[in-house]
**Q** 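A single structure is presented below for examination.
Computed over heavy atoms, backbone and side chain alike; hydrogens, waters and symmetry mates excluded. Lettering of chains follows the sequences in order, A, B, ..., and the numbering in each one begins at 1.
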Amino acid sequence: MAEKITPRSENYSQWYIDIVLQAKLADYAPVKGCMVIRPNGYALWEKMRDVLDGMFKETGHKNAYFPLLIPDSFLKREAEHVEGFSPELAVVTYGGGEELDEPLIIRPTSETIIWSMYKKWIQSYRDLPLLINQWANVVRWEKRTRLFLRTTEFLWQEGHTAHETADEAQEETLKMLFVYKKFAEEYMAIPVLAGEKTENEKFAGAVKTYTIEAMMQDRKALQAGTSHNLGQNFAKAFDVTFQTKDGTLDYVWATSWGVSTRLIGALIMTHSDDKGLILPPRLAPTEVVIIPIYKNKTKATVLEYCNRLYQSLRGKYSVVLDDDDQNTPGWKFSEWELQGIPLRIEVGPRDIEKEEVILARRDTGEKISVPSKSLEQRIGEILEDIQNNLFKRAATFKQENTHGIEAYEDFKRIIDSDGGFIQAPWCGSSECELRIKEETKATIRAIPISNNGDANGKKCLYCGEDAKFIATFAKSY
RNA sequence: CGGGCUGUAGCGCAGGGGCUAGCGCGCUCGGUUCGGGACCGAGAGGUCGGCGGUUCAAAUCCGCCCAGCCCGACCA
């Protein structure tokens, strides 16, 4: 008997860890805060990476690779940037057995080294826009780590773009935010809230930071991706200028944007249940598993049938035939459910006789009899239905746990009881934001991208002054 | 980094100064099984988290350290 997964109702954090370890997505590494991404987890990351990479290329970006080590002095060039990151830097001070003249930082993000290179590559408006992405690992020395959600080293992609005008940079920032939103919703089946971060929450060195925020099953928010408009901050720090069409010199306008292996944590905490992982079909490394059910005398027949089934499906779907005869069908059912495979085909003598098979859905547990003839088509339909159902389920949950509140008393009551997202009028001052955080632990996750006048006539829920925004508050990871 | 809990076989745990350190699951071999985590038989597997101390004797008592989890502060 395998270890049991702690039920969500008993201990949500432990449930999450149980899923990660038992579904063999990752394991703890010898170094504190680091994890090993196991084949199951890495296959998932590869799928996510491939889809995103395609979306980046479609929007005109090219991949490159910049080095892991960054001169200490580079980080210091942008004042806010160094202030934001210095507490969590890992620094190399020895190399080749000798103390280095200048310490080297293991990148926590690559703005500085990339902009030091952009200085060499950009002279004219003809060199713009420069649209580069890199897939890389980064290191941030976090105090408290959690598998996938916050690890000392993590994998991510970081896009770094350079533009001629402020408008173009802003357009790029939002374009990539919506690429992330599309990916989260259409592939991960995770509904997200897209919006802008407040001054307090924005990226160190950015003019504006935009975010997509997802709601986990415990109703806490998880920042799933960010896109930054860096203005001319890094261009000025690294002296990156270009000659405009009319011959003047100007600093280049910049963006950066990233998503990380944290998305795997978001995926788990959005869809999975007490039986284990649930993967959306569009990202599942294995979509279908075939489980033969036989007695000794029917073994040969069933296995042969399953083999034919496997051969006929493998061109169209990512399918596995579990013909291991060490485990019983029941054991296999549980094991594949634990690993989140969206669809299971059960084939026994009875089914073969009736010329049908049983399909079992991971999302609902429903078992469906399907005539063998129409199997290939039905699989496609059901996988699509699972994908849609997962999104709908998560969207309903998010909606049911999003509250519009105007009175601070109600705000506190909801944050302390059910939690969730709270949309409330806010005056725009950091002071109110920080007080609310102190008193309730809830932070502003995002404010609407355009001020559409929703806050007109409303009063800030904390200070009672005229509200400028309807902001979304939540406790977060 | 503060508060709490926990480290004994791969995993989950019991033992709590004395002679050969156990149990369940898993693992190996042989056989029977197989429609929701099968069963029988025979095996393998441990410097009891690490270092130091007390003692005739330490998994057990004491000190320090390390690791993991939970709750905070910091963050993708």
**Q** Measure from CG on A:Asn327 to C1' on B:G26 and round the result to the nearest Å.
**A** 11 Å
**Q** Look at the side chain of A:Glu337 and the base of B:G36, then say whether one donor and one acceptor between them are separated by less than 3.5 Å.
**A** yes
**Q** Heavy atoms under 4.0 Å is the rule here; annotate nucleotides 67-72 of chain B 5' to 3' with B where the base is hit, S where only the sugar-phosphate is, and - elsewhere.
**A** -SSSBB
**Q** Say you pick atom P in B:G18 and the same atom in B:A57; how far apart are they, in whole Å?
**A**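 Looking at atom P only, B:G18 and B:A57 are 14 Å apart.
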**Q** Could you give the distance separating B:G2 and B:G15 at their P atoms, to the nearest angstrom?
**A**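 My reading of the P atoms in B:G15 and B:G2 gives 31 Å.
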**Q** Strictly distance-based, threshold 3.5 Å: is any side-chain N or O of A:His271 a donor or acceptor partner for the main-chain N or O of A:Ala189?
**A** yes
**Q** Does A:Thr328 have a side-chain nitrogen or oxygen under 4.0 Å from the phosphate oxygens OP1 or OP2 of B:A38?
**A** yes
**Q** How far, in whole Å, is B:U55 from B:G41 if one measures between their P atoms?
**A** 49 Å
**Q** Just the rounded figure in Å: distance from C1' of B:A38 to CD of A:Glu335.
**A** 16 Å
**Q** If you draw a 6.0 Å radius around OH in A:Tyr65, do more than 12 non-hydrogen atoms from other residues or ligands fall strictly inside?
**A** yes
**Q** Taking salt bridge (charged side-chain N to carboxylate O under 4.0 Å, His left out) as the test, write out the residues that go with A:Glu171, two or more places apart.
**A**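 Per chain and number, A:Glu171 pairs via salt bridge (charged side-chain N to carboxylate O under 4.0 Å, His left out) with no residue.
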**Q** Taking B:G50 as the reference, what is the distance to B:A67 when you measure between their P atoms (whole Å, please)?
**A** 15 Å
**Q** Assert yes or no for the condition that the ring centre distance of A:Phe234 to A:Tyr118 is strictly below 6.0 Å.
**A**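 Aromatic pair excluded; centres sit 6.0 Å or further apart.
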**Q** Please list, in numerical order, the residues of residues 272-287 of chain A that have a heavy atom closer than 4.0 Å to any atom of RNA chain B.
**A** none
**Q** Please report, rounded to the nearest Å, how far the C1' atom of B:G26 is from the CD atom of A:Gln22.
**A** 13 Å
**Q** Could you check whether the rings of A:Tyr187 and A:Phe183 sit parallel, tilted or perpendicular, using 30° and 60° as the cut-offs?
**A** parallel
**Q** Between B:G63 and B:G22, how many Å separate the two P atoms, rounded to a whole number?
**A**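 Straight-line distance between the two P atoms is 30 Å.
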**Q** Would you call A:Glu304-A:Arg308 a salt bridge at under 4.0 Å N-O?
**A** yes
**Q** Quick one, A:His228 and A:Lys208 - any side-chain contact, counting heavy atoms below 4.5 Å?
**A** no
**Q** Indicate, with a heavy-atom threshold strictly under 4.0 Å, whether A:Glu201 touches base, sugar-phosphate, or nothing.
**A**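 No contact.
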**Q** Got a list of side-chain donor-acceptor pairs under 3.5 Å for residues 291-302 of chain A, not counting sequence neighbours?
**A**
residue: A:Thr298; atom: OG1; partner: A:Lys295; partner atom: N; Å: 2.8
residue: A:Thr298; atom: OG1; partner: A:Lys295; partner atom: O; Å: 3.1
residue: A:Lys299; atom: NZ; partner: A:Asp325; partner atom: OD2; Å: 3.1

**Q** Please report, rounded to the nearest Å, how far the C1' atom of B:C34 is from the CD atom of A:Gln326.
**A**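 Spelled out: CD on A:Gln326 to C1' on B:C34 is 12 Å.
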**Q** When the P atoms of B:G53 and B:U60 are considered, how many whole Å apart are they?
**A** 14 Å
**Q** Give one of base, sugar-phosphate or nothing for A:Thr151, where a contact means two heavy atoms less than 4.0 Å apart.
**A**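 Touches a base.
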**Q** Counting only heavy atoms not in A:Trp135 (residues, nucleotides, ligands), do more than 12 fall under 6.0 Å from its CH2?
**A** yes
**Q** Kindly determine whether A:Phe148 and A:Tyr16 satisfy ring-ring contact (aromatic ring centres under 6.0 Å, His included), including the steps that lead there.
**A** CA-CA 10 Å; A:Phe148 286 114; A:Tyr16 173 78; 7.6 Å; no
**Q** Rounded to the nearest Å, what distance is computed from the CD atom of residue A:Glu353 to the P atom of nucleotide B:G35?
**A**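 Going from CD in A:Glu353 over to P in B:G35 covers 17 Å.
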**Q** For the aromatic rings, using the six-membered ring if either is Trp, is the centroid distance between A:Phe421 and A:Phe473 under 6.0 Å?
**A** no
**Q** Is the count of non-hydrogen atoms from other residues, nucleotides or ligands lying under 6.0 Å from A:Glu199 atom CD greater than 12?
**A** no
**Q** Report the residue (A:Lys437 or A:Ile352) whose heavy-atom-nearest nucleotide on RNA chain B is the more 5′ of the two.
**A**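 Result: A:Ile352.
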**Q** Tell me if the aromatic rings of A:Phe203 and A:Phe85 count as close, with their centers under 6.0 Å from one another.
**A**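 Between A:Phe85 and A:Phe203, which both carry aromatic rings, the centre distance is below 6.0 Å.
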**Q** Just so I know, are the side chains of A:Ile358 and A:Ser369 near enough to count as touching, which here means a heavy-atom distance under 4.5 Å?
**A** yes
**Q** How far, in whole Å, is B:G26 from B:C40 if one measures between their P atoms?
**A** 11 Å
**Q** Got a sec: does the CD of A:Glu46 have more than 12 other heavy atoms crowding it under 6.0 Å?
**A** yes
**Q** Using atom NZ of A:Lys367 as one end and atom P of B:G36 as the other, report the distance to the nearest whole Å.
**A**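 It is 7 Å, rounded to the nearest whole Å.
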**Q** Which ones in residues 288-296 of chain A lie close to RNA chain B, meaning a heavy atom under 4.0 Å from one of its atoms?
**A**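 Under 4.0 Å from RNA chain B: A:Ile293, A:Tyr294, A:Lys295, A:Asn296.
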**Q** Give the rounded distance in Å between these two atoms: CZ of A:Phe333 and P of B:A38.
**A**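 Atom-to-atom, A:Phe333 to B:A38, this comes out as 11 Å.
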**Q** Stem list for RNA chain B, please, built from Watson-Crick and G-U wobble pairs under 3.5 Å and keeping only runs of at least 3.
**A**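 The stems are B:1-7 with B:66-72, B:10-13 with B:22-25, B:27-32 with B:38-43, B:49-53 with B:61-65.
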**Q** Roughly how far apart, to the nearest Å, are B:U33 and B:C70 at atom P?
**A** 46 Å
**Q** Mind checking whether A:Trp257 and A:Phe56 have ring centres under 6.0 Å apart?
**A** yes
**Q** Could you tell me the separation between the OH atom of A:Tyr477 and the C1' atom of B:C74, rounded to a whole number of Å?
**A** 17 Å
**Q** Would you classify A:Glu142 as touching base, sugar-phosphate or nothing, given that sugar-phosphate means primed atoms plus P, OP1 and OP2, and contacts are heavy atoms under 4.0 Å?
**A** base
